[in-house]
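Okay, so here's the structure we're looking at.
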Amino acid sequence: MQLSVTQKNLQHAAFADELQLVTLTNSHGLEVVLSNYGASIWSVKLYGQAQEPISLGLGYQDIKDWATNPYYFGITAGRVANRIGKAQFPLAGKTIQLVANEGNNQLHGGPKGLSHCTWQVETLKDNDSVAAIFSIISPDGDQGFPGNLAIKLEYRLNENNELTLSYQAVCDQTTPVCLTNHAYWNLASNKQQGILGHELSIQASHFLALDNEQIPTGELILVDDGAYDFKQPKLIATDIKQLTNGYDHYFVMDRNPDNKNSLQTIAVLKDPLSGRELEISTTEVGVQFYSGNFLDGSHIDDEGYSINQFHGLCLETHGYPNAVNIDHFPSVMLEANTQYQQITVHKFKNI
């Protein structure tokens with residue numbers, strides 16, 4: 001395969017606007033398919049000596065499922081990723097009421113958040129990389145958030161098997177911004193093996209305590225050699241049965257204080273059988289590890305199998321969830337006319 005970027009436009013009744021799919025490939029056989037609906041990752045595949053390509057993540061078989069996307073496969077989550085308690089937050093002496101979409105709370109920016117919007121897209125090709133740049137303007141009041149927010153997201157695939165996501169945003173009013181990608185990873189050759197046999201390390205000594213609605217309480221808990229301790233690589237299956245539903249927790253990165261905003265490795269995922277690895281580095285302060293607890297078998301993946309619990313996992317790099325309501329959490333408020341930036345790199349190894 002050659003380093004290339006291609007674009008295909010589709011009309012489908014499930015989508016109000018034209019669907020644009022962009023395919024990034026490098027010479028090592030790594031292929032990334034992106035969609036302008038939700039600025040999302042539809043697939044990451046490896047074309048090698050095997051007769052069939054190997055999927056490194058999860059996708060839907062039926063294109064109609066991408067329109068509703070109940071599992072948030074591959075989407076850009078925002079304006080604020082993760083959960084906001086009671087779908088509200090204080091700002092300048094007022095209470096900003098948001099649109100709730102998970103009980104009384106807001107999840108991933110609301111029912112019509114960035115994940116369910118059509119973005120503009122342009123493509124680029126350089127000597128050693130290819131890119132797709134998605135852009136959108138989220139209007140004042142969108143899902144309850146103040147201000148007109150302009151966002152750009154670049155996906156860039158290079159010859160080092162690195163997929164880099166670079167986010168930029170600016171707003172004409174002060175507003176919270178906390179963006180991430182919600183891809184589900186499964187590095188196994190046989191996806192039906194799920195991810196419990198994967199090995200994971202997370203550079204975090206603390207995770208956030210949650211209430212019974214999965215909303216952070218404000219307390220940081222030491223991982224303390226227990227079920228949440230991934231400082232040293234371990235199989236996901238090792239301790240998951242100690243938890244009620246599995247992992248859906250935010251891990252606070254052990255950052256080098258001398259390089260506060262630099263790219264640092266936060267997580268490494270490995271499939272021991274194939275040897276494939278995914279190393280994730282980010283400028284963010286933590287990662288949400290979600291083990292696919294609520295995948296319920298009601299949809300079919302792009303290989304024709306039911307998408308069941310623990311079929312894939314998410315490693316979502318973003319700011320602290322519910323930070324808008326907890327003063328001692330690092331702020332996710334973006335001051336008016338200043339720039340938000342976030343970079344996350346996915347490096348595929350031993351592929």
As a quick check of understanding, evaluate side-chain hydrogen bond (donor to acceptor under 3.5 Å, both in side chains) for Asp248 and Gln288, giving each step before the final call. CA-CA 7 Å; Asp248 193 6; Gln288 182 83 8; 2.9 Å; yes
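- Ring geometry for Tyr228 against Phe251 counts as tilted: the plane angle lies between 30° and 60°, on a 0 to 90° scale.
- Closest heavy-atom contact between Arg276 and Leu56: CD-CD2, 3.9 Å.
- Here the side chain of Lys270 pairs no donor or acceptor atom with the backbone of Pro233 at under 3.5 angstrom.
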Test side-chain hydrogen bond (donor to acceptor under 3.5 Å, both in side chains) applied to Tyr60 and Asn69, step by step: CA-CA 9 Å; Tyr60 301 106; Asn69 203 349; 2.7 Å; yes
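- Using modelled atom types, one side-chain atom of Lys347 and one backbone atom of Asn160 make a donor-acceptor pair closer than 3.5 Å.
- Partners of His318 under the ring pair (Phe, Tyr, Trp, His ring centres under 6.0 Å) rule, at least two apart in sequence or in another chain, are Tyr250.
- Residues that satisfy the side-chain hydrogen bond (donor to acceptor under 3.5 Å, both in side chains) test with Ser205, not counting sequence neighbours, are Asp254.
- Applying the ring pair (Phe, Tyr, Trp, His ring centres under 6.0 Å) criterion to Phe329, with sequence neighbours excluded, gives Tyr320.
- Distance alone, capped at 3.5 Å, is enough to place a donor-acceptor pair between the His116 side chain and the Thr68 backbone.
- Judged as a side-chain hydrogen bond (donor to acceptor under 3.5 Å, both in side chains), and not counting sequence neighbours, Asn308 has no contacts.
- In this structure, the ring of Phe207 has its center no less than 6.0 angstrom from the ring center of Tyr247.
- Remark: Thr23 pairs with Thr6, Thr25, Glu31, Val33 by the side chain to side chain contact (heavy atoms under 4.5 Å, CB included) rule, at least two apart or across chains.
- In this structure, Phe73 CZ and Asn181 CG are separated by 12.5 Å, a value rounded to the nearest 0.5 Å.
- The ring pair (Phe, Tyr, Trp, His ring centres under 6.0 Å) pairs that include a residue from residues 138-157 are Phe134-Tyr155, where partners are two or more places apart or lie in different chains.
- Residue pairs meeting the salt bridge (Lys or Arg N to Asp or Glu O under 4.0 Å) criterion with at least one partner in residues 279-288, sequence neighbours excluded, are Glu279-Lys349.
- For residues 97-119, the set of pairs meeting the salt bridge (Lys or Arg N to Asp or Glu O under 4.0 Å) definition, not counting sequence neighbours, comprises Arg83-Glu102.
- In this structure, the ring pair (Phe, Tyr, Trp, His ring centres under 6.0 Å) partners of His346, at least two apart in sequence or on a different chain, are Trp185.
- Take Lys45 and apply the salt bridge (Lys or Arg N to Asp or Glu O under 4.0 Å) test, not counting sequence neighbours, and it matches no residue.
- Listed by first and then second residue, the salt bridge (Lys or Arg N to Asp or Glu O under 4.0 Å) pairs involving residues 125-143 are Asp126-Arg156 (not counting sequence neighbours).
- The ring pair (Phe, Tyr, Trp, His ring centres under 6.0 Å) analysis of residues 5-24, with sequence neighbours excluded, yields the pairs Phe15-Tyr37.
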